Amino acid sequence: MSTIDWERGVVEAAHGAGGRAMGQLIEQLFRRAFDNPQLNAGDDFARLEVPAGPLVMSCDAHVISPLRFPGGDIGALSVHGTVNDVAMAGARPLYLAAAFIIEEGFPLAELRAIVESMASAAREAGVSIVTGDTKVVQRGKGDGVFITTTGVGVREEGLVLSGAAARPGDHILISGPIAEHGVAVMAAREQLALSGDLRSDSAALNGLVQAMLNALDDRSQLHALRDPTRGGVAAALNEMAAQSGVAMRIDEASVPLRAEVAAACELLGLEPLQVANEGRLIAICAPEASQRLLTAMRQHTWGTESALIGEVSAGDPGRVSLRTRFGVERWLEPPHGEPLPRIC
């Protein structure tokens, strides 16, 4: 089998046609990068060894533009997004499936860099990419590359985390500063010369979730986890308030927000609480567990700036209110439409 010209080569229609060229791409790129016994078997499926416990599964499509941005790229993001969705159930992510839709003419060197970044992110998260698919679309019919990932994990028996489980009196925690992903991607897309080091927060949070669970003697005190991606914190809290039939109230001054991100949001006319995150989580917990959880979160790489930002109440079911820095209380609505398209 000939060697792919990674420096000058581009994706051709033949790379998705099921013949020699596709076999060459799979062998020299995907199988080499994602190397594991299930994938190397060469079947159109993966045989999985799964520990005892309820299965958790999530599916994500990644269409971000640009494909590379400060702090990440579509390859790592596709792993982080799906790993985090599984982890928000309190499950341990184990396996990923990945499907690539690639535009004809896309440089092979760029595809290899994306795949290698994806493989590195999977290793760091402790998951294996065990099966997948590749399709090639005509020039002008795609936008470089889109990636769809499906994740499978296992949750321990008896552990139930759900957006429907928030209770009046619960505390609302967040694992770090908000809006960094959305602002970094927007600045890169529009080539904005903004001050400060604007970088995405994209990260796999399964290790943080496990540290939180390990900190609790009674894991039933942790009621819900949610990663505030599209629509940001505002969308995530409104979703959970509606699911649980409760009200939520947060204090703007307590929400971690870097000065450069706040300045960029003001310049762009964005509400930081509505901007996407890819490496943050919201936790809803019993009040007696909040301090123990915050201590564990702050000791973890991805939770050093964790904070208590609000609480759950019984009034105005399904609504979220915000106490502003000026002491004014207003409703915190989810965004109408998508303020930042192609953000993940």
Side-chain angles (χ1 to χ4, degrees), residues 58 60 62 64 71-72 77 80-90 161-166 170-186 199-206 208-209 212 222-244 246 248-252 254-258 261-262 264-265 270-285 293-294 297 300 302-312 318-322 331-344:
S58 183
D60 247 334
H62 305 275
I64 194 166
L77 180 67
H80 296 160
T82 301
V83 163
N84 291 347
D85 284 345
V86 173
M88 293 307 106
L161 302 181
S162 170
D170 280 355
H171 285 181
I172 303 171
L173 316 179
I174 195 160
S175 62
I178 66 168
E180 295 180 354
H181 175 74
V183 168
V185 172
M186 178 59 70
R199 298 177 62 81
S200 169
D201 61 2
S202 184
L205 300 177
N206 49 320
L208 174 60
V209 171
M212 294 168 67
L222 180 59
H223 299 154
L225 295 173
R226 186 68 53 93
D227 54 336
T229 53
R230 285 174 296 172
V233 171
L237 291 179
N238 274 276
E239 289 169 3
M240 290 191 287
Q243 282 179 268
S244 295
V246 297
M248 295 185 181
R249 179 177 179 273
I250 63 171
D251 183 357
E252 185 178 31
S254 299
V255 179
L257 178 66
R258 300 199 195 286
V261 176
C265 286
L270 299 173
E271 163 58 76
L273 289 160
Q274 294 180 344
V275 175
N277 311 270
E278 288 291 345
R280 302 289 180 241
L281 64 79
I282 294 171
I284 310 293
C285 67
L293 284 172
L294 282 172
M297 294 164 75
H300 192 277
W302 304 122
T304 56
E305 297 179 71
S306 297
L308 169 63
I309 62 171
E311 60 183 24
V312 178
R319 301 300 300 270
V320 179
S321 64
L322 173 72
W331 295 120
L332 179 63
E333 302 285 355
H336 296 283
E338 180 52 72
L340 298 174
R342 302 285 301 277
I343 208 72
C344 60

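Just the heavy atoms: all of them, side chains too, but no hydrogens, waters or symmetry mates, feed the values below. Please read these numbers as outputs of a predicted model, since none were measured by experiment.
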For residues [X] and [Y], determine if any side-chain heavy atom of one lies less than 4.5 Å from a side-chain heavy atom of the other.
| X | Y | result |
| --- | --- | --- |
| Ile174 | Pro256 | yes |
| Val185 | Ile64 | yes |
| Ile178 | Pro228 | no |
| Leu281 | Met212 | yes |

Counting N and O atoms only, with roles assigned by atom type, does the side chain of [X] sit under 3.5 Å from a partner on the main chain of [Y], one being a donor and the other an acceptor?
| X | Y | answer |
| --- | --- | --- |
| Asn84 | Leu205 | yes |
| Ser244 | Val246 | no |
| Ser200 | Ala184 | no |
| Asp170 | Ile284 | no |
| Asn238 | Ala234 | yes |
| Ser202 | His181 | no |

(Q) Between Val275 and Met186, does the side-chain contact (heavy atoms from CB on, under 4.5 Å) criterion hold? Intermediate values first, please. (A) CA-CA 10 Å; Val275 175; Met186 178 59 70; over 6 Å; no
Salt bridge between [X] and [Y], side-chain N to carboxylate O under 4.0 Å?
| X | Y | value |
| --- | --- | --- |
| Asp201 | Arg280 | yes |
| Arg249 | Glu311 | no |
| Arg258 | Glu305 | yes |
| Glu333 | Arg319 | yes |

From [atom1] ([X]) to [atom2] ([Y]), nearest 0.5 Å:
| X | Y | atom1 | atom2 | answer |
| --- | --- | --- | --- | --- |
| Ile282 | Glu239 | CD1 | CD | 9.5 Å |
| Ile250 | Leu322 | CD1 | CG | 5.0 Å |
| Asn277 | Thr229 | CG | OG1 | 8.0 Å |
| Cys285 | Leu308 | SG | CG | 8.0 Å |
| Asp60 | Cys344 | CG | SG | 7.0 Å |
| Asp251 | Ile172 | CG | CD1 | 11.0 Å |

Closest approach of [X] to [Y] (non-hydrogen atoms, all atoms of both residues):
| X | Y | result |
| --- | --- | --- |
| Ser175 | Gly279 | OG-O, 4.3 Å |
| Ala262 | Leu257 | CB-CD2, 3.6 Å |
| Leu225 | Ala87 | CD1-O, 4.1 Å |
| Cys265 | Val183 | SG-CG2, 3.6 Å |
| Met297 | Ser306 | CB-OG, 3.3 Å |
| Ile309 | Ser254 | CG2-O, 3.5 Å |

Q) Should Arg226 and Gln243 be marked as a side-chain hydrogen bond (donor to acceptor under 3.5 Å, both in side chains) after you check the CA-CA gap, both sets of side-chain angles, and the distance that decides it? A) CA-CA 12 Å; Arg226 186 68 53 93; Gln243 282 179 268; 2.7 Å; yes
Q. When you look at Leu161 and His223, which way does the side-chain contact (heavy atoms from CB on, under 4.5 Å) test go after all the steps?
A. CA-CA 5 Å; Leu161 302 181; His223 299 154; 5.9 Å; no
Q: Start with the C-alpha distance between Thr82 and His62, add both sets of side-chain angles, then the distance that settles side-chain contact (heavy atoms from CB on, under 4.5 Å), and finish with yes or no.
A: CA-CA 10 Å; Thr82 301; His62 305 275; 4.0 Å; yes
Q: Let me see the working for Leu173 and Leu294 under side-chain contact (heavy atoms from CB on, under 4.5 Å), right down to the final yes or no.
A: CA-CA 8 Å; Leu173 316 179; Leu294 282 172; 4.2 Å; yes
